[in-house]
Amino acid sequence: MTNTTIRIAISSLPDYLDRSRMDAILDDIEITIADEGGVYGTVSADSNLINIEVPTGQLVDAAAALAEAKYI
């Protein structure tokens, strides 16, 4: 199965998120796409980007869950 990576700039995250607690943000994103979108992917970050790797066939579901949660 092929995967697609969704990339979110950390600087574009909503203001209410505490960027100093990046592990909590990553966990919340992973839970959000699983609970709201039914998508099980991996979430990681570097200094500028959050990378969300999901199965390509579930890309639309993951994006919808992220949009509903105001991550994108």
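Just so you know, these numbers come straight off a predicted model, no measurement behind them. Hydrogens, waters and symmetry mates play no part in the numbers below; they use all other heavy atoms, side chains included.
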Donor-acceptor contacts under 3.5 Å from residues 38-50 side chains, at least two apart:
from : atom 1 : to  : atom 2 : distance (Å)
D46  : OD1    : N48 : N      : 2.8
D46  : OD1    : L49 : N      : 2.7

Below 3.5 Å, can you tabulate the donor-acceptor pairs from side chains in residues 21-35 to any protein atom, sequence neighbours excluded?
from : atom 1 : to  : atom 2 : distance (Å)
D28  : OD2    : Y71 : OH     : 2.3
T32  : OG1    : D28 : O      : 2.7

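- Counting heavy-atom neighbours within 6.0 Å of E68 CD, excluding the residue itself, gives a total of 12 or less.
- Note that the CG atom of L66 and the CD1 atom of I72 stand 5.0 Å from one another [nearest 0.5 Å].
- Nearest heavy-atom pair, P14 versus K70, reported as atom, atom and distance to 0.1 Å: CG-O, 3.0 Å.
- Checked by atom type and distance alone, the side chain of T56 pairs as donor or acceptor with a backbone atom of T2 at under 3.5 Å.
- Contact record, G37 with A65: N-CB, 3.9 Å, taken as the closest heavy-atom pair.
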